Number of protein chains: 2
Amino acid sequence: MPPSIKQVALQAGVSTATVSRLLNSPASVSAETAGKINEAIAALGFRPNFNGRNLRAGRSRTVGVVVPTLSNTVFAQCLQGIELAARTLDYSVMFTATEYRQEDEAAAVNLLLSHRVDGVILTVADASASGTLDVLDREGIPYVLTYNQPQQASRLSVSVDNRAAAHDAVAHLTALGHTRIQMLTGQFNASDRAIQRYHGYLDAMRAHGLAPMAPIEVPRHTGLTSAHLQAFSDPQQRPSALFCSNDLLALAAMRDLRELGLRVPEDISVMGFDGIPLGEMMSPVLASAVQPSEQIGEVALRTLVAAIGQTEGGAGPVSQTLAHTIRHGGTVRVFS
Amino acid sequence: MPPSIKQVALQAGVSTATVSRLLNSPASVSAETAGKINEAIAALGFRPNFNGRNLRAGRSRTVGVVVPTLSNTVFAQCLQGIELAARTLDYSVMFTATEYRQEDEAAAVNLLLSHRVDGVILTVADASASGTLDVLDREGIPYVLTYNQPQQASRLSVSVDNRAAAHDAVAHLTALGHTRIQMLTGQFNASDRAIQRYHGYLDAMRAHGLAPMAPIEVPRHTGLTSAHLQAFSDPQQRPSALFCSNDLLALAAMRDLRELGLRVPEDISVMGFDGIPLGEMMSPVLASAVQPSEQIGEVALRTLVAAIGQTEGGAGPVSQTLAHTIRHGGTVRVFS
DNA sequence: TTGAAAGCGCTAACAG
DNA sequence: CTGTTAGCGCTTTCAA
C-alpha cells in the first residue's frame with residue numbers, strides 16, 4: 001500500500017490538514033513547514049490518492065469520452081484533441097467505445113458515471129432519440145456532443161454543419177460538370193450525421209436542378225460495398241460521381257470499383273467526407289469535405305470544462321459549428 | 001449529489017452493509033430483501049460510487065494506457081483492442097498520450113498512479129532507458145509494454161519481433177531482385193523499435209551479401225521527408241527500394257517522391273512497416289510488414305489483468321511475440 | 001499559520 | 001441472512 005497523507009504528516013511532524021493544505025494551496029503554509037513536508041513527500045515517494053480526494057471533494061477532474069470506434073481515424077483524432085486539451089487543463093480522460101452499438105451507449109455512460117466523471121463527451125448514433133442523453137440530462141451531468149448536431153438547441157455540441165458541408169461537396173461536383181451524382185452512405189440509423197449529409201446532398205441537387213438519385217446504404221464499412229456496386233459495370237447504370245458519407249467508405253468503394261474494372265476518376269469520380277489525413281497523402285488525392293476532427297475534440301473539451309465550472313447552466317455558445325473546407329482531389333474529374 | 005448506498009439502505013429499510021452485499025455478491029442476500037433493495041435502487045436512480053469503493057477496496061478495476069500519439073493509426077488500433085478487452089473483463093480505461101515527448105512519459109504515469117489504476121499499458125520511446133518503467137517497478141505496479149521489445153527479460157511486453165519482421169520485409173525485397181535497398185526511418189532516439197527494425201534491415205542485407213546503405217533518419221512524420229529525398233532525382237543516387245520504419249513514413253515518402261517526379265514503383269519501390277488497414281485499400285497496395293495492432297492491445301490487456309490478479313510475480317509468458325506477416329503490394333516492383 | 005475532528009461512499013470483519 | 005462498526009485517504013470547517 002502506497003504512503004498516505006497520514007504518513008507524510010507523521011514524518012514531517014505536522015497534521016494531515018497541513019499536508020493537505022500544502023498540496024492544495026501551498027501559499028497558506030509557512031516556508032519552513034513546507035520544506036519539511038516536501039522532504040517527507042520525497043522521502044516516502046508520496047503520491048496523493050485521487051480516490052480519497054474525489055470522494056471528499058465530490059469532483060474528479062476527470063471527463064469521460066464515448067466514441068463509436070477508434071478504427072475510424074476521425075474519432076481517433078478527436079480523442080487525441082480531447083486528451084491534449086484535457087492535459088493542458090489538468091483533467092484526466094476515461095475512454096470507451098461502443099462499436100456503433102446503440103445499446104452499448106447507455107452502459108458506457110453508466111460506467112463513466114459510476115466513476116463519477118465530472119462530465120462526458122460523446123458521439124451517439126442518434127442525438128434526437130438517445131435515452132443516454134436523457135439520463136445525463138436528468139442527472140445534471142454536463143456533456144458535450146461531438147459530430148452530432150442535435151435538434152434540441154439545449155444540448156451542447158461541437159461539429160461542422162453536416163448538411164452545409166455535404167451541400168458544398170456536392171456543389172463542388174456539379175461545378176465540375178457532374179449531373180448524375182449518387183450518394184453512398186453508411187446505415188442511416190447508426191448515424192444521424194449520415195442523414196444530415198444526405199439532406200445536404202438533396203439540397204445541392206435541387207439547388208442545381210438535378211434529379212436526386214436513391215442513396216445506396218451499406219451495412220458497415222467492412223469494405224463489402226461490392227454487392228451494392230455491381231450494377232455500376234453498366235455505364236448506363238452508374239452515376240458520374242459517387243458522394244460517400246465518410247472517407248473510409250469512399251476508400252472501400254474505390255477499391256471495390258477498381259475490382260469491378262472501373263477506373264477512378266476516369267470512369268467514375270469519388271468524393272468523401274471527413275478529410276482524414278491519409279486522403280491527402282494518396283495519389284490521387286481523395287476529394288473530401290474536411291472537418292477539423294482534432295479541433296472538434298479540443299473545443300469539446302474546453303466547452304465541457306466550462307460547463308462543469310458553472311454549476312447552473314450559463315453563458316457560452318450551445319451548438320458550436322466549426323468551419324469545414326472542401327478538399328479538391330484527383331479522385332474527382334472534370335466532367336463535360 | 002447523487003444518492004448513496006446509505007439512502008438506498010434507508011429507503012429499503014435495511015443496513016448499508018446489506019445493500020453493499022447485494023451489489024457485490026447477490027447470492028448472499030435473501031430474495032425478499034433483494035427485491036426491496038432493487039426497488040429502492042431503481043427509485044432513487046442509485047449508482048455505486050467507485051471512488052468510495054476503490055478507496056476502501058484498494059483496487060480500481062481501471063487500467064492506464066500511455067501511447068505516443070493517436071494520430072498514428074497503429075496506436076489507435078491498439079487502444080481499440082485494449083478498450084474492447086477491458087470492457088469484456090469489466091475494467092475501465094484511463095488514457096494518455098505523450099506526443100513522443102519522452103519527458104512526458106513520467107508525468108503521464110504519475111497521473112495514472114494518482115488515480116490508483118491497477119496497472120498500466122504503455123509504449124515508451126526507449127524501454128531500456130526509461131525512468132518511468134523503473135518507477136513502476138519500484139512501486140510494484142504491474143505494467144505491460146506494447147510495441148517495445150525490452151532487453152530486460154523481466155518486463156512484460158507484447159509486440160511482434162521487430163527485427164525479424166524487418167528482416168522479412170527486406171528479404172521480400174531482395175527476393176524480388178532488389179539489391180540497392182535503403183532504409184528511411186523516424187528518429188532512432190524516439191523509438192527503440194526503429195532501431196530494432198534497422199538491425200533487421202542489416203541482418204537481411206548481410207544475409208544476402210548486399211552492402212547496407214546508410215539509413216535516412218527524418219525528424220517526424222510531419223511529412224517533410226522531401227529534403228532528405230532530393231538526391232533521389234539522380235538515378236545513380238537512389239536505391240531501387242526504400243524500406244520505411246513505419247507506414248505513415250512510407251506514405252509521406254511516396255507523396256514526396258511523386259513530387260520529385262518519381263514514380264512508385266517504376267522508379268523506386270517502397271515498403272512500409274505496421275500494415276495499417278488503409279494501406280490495403282490504396283492502389284497500388286502498400287507493401288508492408290504487418291503487425292496485428294488491435295490484437296497487441298487485446299493481449300496486452302489480458303496479460304496485464306492476469307498480472308494484477310497475482311500479487312506476486314508469477315507464471316505466464318513474459319515477453320510475448322505475436323506473428324507478423326508480409327503484405328505484398330504494388331508499391332514494390334519486381335526488379336531484375 | 002496550524003491542529004482536531006468529522007465525514008465523503010463504500011466494504012469487510014465480526015456478531016448475531 | 002443481516003446489522004454494527006471501523007476505516008480506506010482526503011478535505012474542510014472550526015478553533016486556537
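Because the structure is a prediction, the values reported are computed rather than measured. Note on naming: letters A, B, ... go to the chains in the order of the sequence lines (proteins, then strands), and numbering restarts at 1 for each one.
Here B:Ala57 lies out of heavy-atom contact (under 4.0 Å) with every strand. When heavy atoms are screened at a 4.0 angstrom cut-off, B:Asn51 is found touching no nucleic acid atom at all. Residue A:Asn24 is classed as a sugar-phosphate contact, given heavy-atom separations below 4.0 Å to backbone atoms only. B:Val14 comes within contact range of the sugar-phosphate backbone alone, with a heavy-atom separation under 4.0 Å but no base atom that close. Looking at heavy-atom distances under 4.0 Å, A:Ser4 makes contact with sugar-phosphate atoms alone, never a base.
As a whole-Å value, the separation of B:Leu23 CG from C:dG9 C1' is 11 Å. The distance from atom CD1 of A:Ile37 to atom P of C:dT1 is 13 Å, rounded to the nearest whole Å. In this structure, A:Arg56 places its CZ atom 16 Å from C1' of C:dC10, rounding to the nearest Å. The CZ atom of B:Arg61 sits 13 Å away from the P atom of C:dT11 (whole-angstrom rounding). With rounding to whole Å, A:Lys6 atom NZ is found 14 Å from C:dA6 atom C1'. Rounded to whole angstrom, the span from the CG atom of B:Asn49 across to the C1' atom of C:dC8 amounts to 8 Å.
Here CD of A:Gln7 is found 12.5 Å from CD1 of A:Ile41. Values are rounded to the nearest 0.5 Å. Residue A:Arg61 holds its CZ atom at 9.0 Å from OG of A:Ser92, rounded to the nearest 0.5 Å.
Remark: the B:Ser191 side chain and the B:Tyr100 side chain contain no N/O donor-acceptor pair separated by less than 3.5 Å. When only modelled atom types and interatomic distance are considered, B:Tyr147 and B:Asp192 share no side-chain donor-acceptor pair under 3.5 Å. Looking at A:Ser157 and A:Gln149, their side chains never bring a donor and an acceptor atom within 3.5 Å of each other.
Contact between the side-chain N/O atoms of A:Ser30 and the OP1/OP2 oxygens of C:dT2 is found at a separation under 4.0 Å.
Checking A:Ser28 against A:Ala17, the closest nucleotide of DNA chain C that is more toward the 5' end is the one next to A:Ser28. Two residues, A:Leu55 and A:Gly13, neighbour DNA chain C, and the one matched to the more 5' nucleotide by heavy-atom proximity is A:Gly13.
Here the closest heavy-atom approach between residue B:Gln11 and residue B:Ala40 is recorded as CG-CB, 3.5 Å. Pairing each heavy atom of A:Ala125 with each of A:Arg193, the nearest pair is O-NH1, 3.6 Å.
Contact annotation: side chain of A:Arg21 to base of C:dG3, donor-acceptor pair present below 3.5 Å.
From the 5' end on, the contacts that DNA chain D makes with chain B at under 4.0 Å to a non-hydrogen atom open and close at D:dC1 to D:dG9.
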